[in-house]
Amino acid sequence: MNGAPTEDDVVEAVHVVADDIGSMEIRGAATIADAAARALGVQAAESEAEDPASFRAQLRAAARVLHDTRPTAVSLPNALRYVFRDVEGTTVEELRSSVRESVAEFCDRLDTAQNDLGRVGANRLRDGDTVMTHCHSTDVLACVETAVEQGKSLSAYVKETRPRNQGHITADTLEDLGVDVTLIVDSAARRYLHDVDHVLVGADSIAADGSVINKIGTSGLAVNARDRGTPIVCAAQTIKLHPGTLTGHTVDIEMRAESEVIDPETASEIGDPTVLNPAFDVTPPRYVDAIITERGQYPPESVVTLMRKLFGEGSDHPWEA
Ligand code: RUB
């Protein structure tokens, strides 16, 4: 290959996955990480590069396409970083098989981490407890699923989670698990918090100071939970730890389309107001009781020790090299 890789050197399947992440066909931090790693695997498998340098350049280009889809879930760059870390070889075939192994290992570890996290989270839940959920988090659901498998009977208040109503996915999954589900509008959360034993939320990123970055509305829910004295825990695999925040970077909050909030016709009927649609918010650590990871439960303020151990002093961007 001559020169820098072009869009054409990134295989079609990578563009399809990137589009699906951007449009939220593929969504949720863990699911995005899994899809992005697998897409790098497809890039490696289908690359027509004739020499190792071209192969690596194309892999970096594919990673950039995936990376530029959604900015808030750090699981996406962490997944890319994981795959790049172990890419070794002096021929295209060696490189191809090393990416394949790296992707398989990553996806395997993601599954194992979620199962391990589920067991830690389930220890907090007692038979007869009621939880409240926000959005749709597979890490949260892993905790509930394990508790149910242990024979605990649970009820749930499920917030619908405007504007995309991911709470419907949560309600459906919890019903399948045999949990007694009550769906509520987001603004009803405070009204029912006194009936709740645990608020369970996921995370797209956890900052070095223990702040939880998750679906918009998490921070308001956390403040209300604290006011009501209801424990709130965040279920987040360590892939949600944001290494960039160790060196002072902040987490970019995604702003999504106005059309998710209101259709153009209705907007016009009410005078075309400015519409803002932030997808995530930041919950300060003082409002979170614990962060549940596959390595155990941490007070939010101490998560930085785990972050340093796992990520060193910061983050690199091997796809930019
Ligand atoms: C999803 C969301 C979830 C986290 C954690 O937002 O905020 O709580 O991603 O999910 P969106 P998981 O729907 O905008 O992607 O535990 O599955 O990683």
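Read the numbers this way: they start at 1 and go in the same order the structure lists the ligands and their atoms.
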Inset, instruction - Classify the contact between Met24 and ligand 1 as side chain, backbone, both or neither, using a heavy-atom distance cut-off of under 4.0 Å. - result: side chain
Inset, instruction - Output yes when Asp204 and Lys240 qualify as a salt bridge under the 4.0 Å nitrogen-oxygen rule, no when they do not. - result: no
Inset, instruction - Look at ligand 1 and say whether Lys240 reaches it with a heavy atom at a distance under 4.0 Å. - result: yes
Legend entry - Atoms of ligand 1 close to Gly28 [distance to a heavy atom under 4.0 angstrom, numbered from 1]: 9 (O), 15 (O)
Legend entry - For atom 16 (O) of ligand 1, the protein heavy atom that lies nearest, with its residue and separation: Ser137 OG, 2.7 Å
Legend entry - Distance-only donor-acceptor check, side chains Asp139 and Ser137, under 3.5 Å: no
Legend entry - Selection from Ile21, Asp34, Thr218, Thr138 by shortest heavy-atom distance to atom 12 (P) of ligand 1: Thr138
Inset, instruction - Any chance you could lay out the salt bridge (charged side-chain N to carboxylate O under 4.0 Å, His left out) test for Glu320 and Arg60, step after step, and finish with the verdict? - result: CA-CA 7 Å; Glu320 284 169 6; Arg60 289 197 296 271; over 6 Å; no
Inset, instruction - Decide whether an N or O pair under 3.5 Å exists between Ala30 and ligand 1. - result: yes
Inset, instruction - Could you check whether the rings of Trp319 and Phe84 sit parallel, tilted or perpendicular, using 30° and 60° as the cut-offs? - result: perpendicular
Inset, instruction - Determine, considering heavy atoms only, which of Ile239, Asp281, Asp204, Asn214 sits nearest to atom 8 (O) of ligand 1. - result: Asn214
Inset, instruction - List the closest protein heavy-atom neighbour of atom 13 (O) of ligand 1: residue, atom name, distance to the nearest 0.1 Å. - result: Arg27 NE, 2.5 Å
Inset, instruction - Verify whether one side chain among Asn224 and Arg190 offers a donor that lies under 3.5 Å from an acceptor in the other. - result: yes
Inset, instruction - Just jot down the ligand 1 atoms closer than 4.0 angstrom to any heavy atom of Asp139, in number order. - result: 16 (O)
Legend entry - Selection from Lys215, Arg70, Arg164 by shortest heavy-atom distance to atom 6 (O) of ligand 1: Lys215
Inset, instruction - May I ask you to check whether Gln58 and Ser47 show a side-chain donor-acceptor distance below 3.5 Å? - result: yes
Legend entry - Contact check: Ile32 vs ligand 1, nitrogen or oxygen atoms, below 3.5 angstrom: no
Legend entry - Side chains of Gln114 and Thr138, donor plus acceptor under 3.5 Å: yes
Inset, instruction - Check the side chains of Glu294 and Thr238 for a donor-acceptor pair under 3.5 angstrom, ignoring hydrogens and angles. - result: yes
Legend entry - Residue-ligand contact Cys135/ligand 1, heavy atom below 4.0 Å: yes
Legend entry - Closest protein heavy atom to atom 5 (C) of ligand 1, given as residue, atom name and distance to 0.1 Å: Ala203 O, 3.4 Å
Inset, instruction - Check whether any heavy atom of His136 sits under 4.0 Å from an atom of ligand 1. - result: yes
Legend entry - Electrostatic pair Arg162-Glu160, nearest N-O below 4.0 angstrom: no
Legend entry - Within-cut-off N or O pair, Ala235 and ligand 1, under 3.5 Å: no
Inset, instruction - Within a distance under 4.0 Å of any heavy atom of Gln166, pick out the atoms of ligand 1 and give their elements. - result: 11 (P), 13 (O), 14 (O)
Legend entry - Polar contact flag for Thr31 and ligand 1 (N/O pairs, less than 3.5 Å): no
Legend entry - Salt bridge present between Asp289 and Arg226 (N-O < 4.0 angstrom): yes
Inset, instruction - Ignoring hydrogens and angles, state whether a donor on the side chain of Asp51 or Ser54 is under 3.5 Å from an acceptor on the partner side chain. - result: yes
Legend entry - Check: Gln114 N/O within less than 3.5 Å of ligand 1 N/O: no
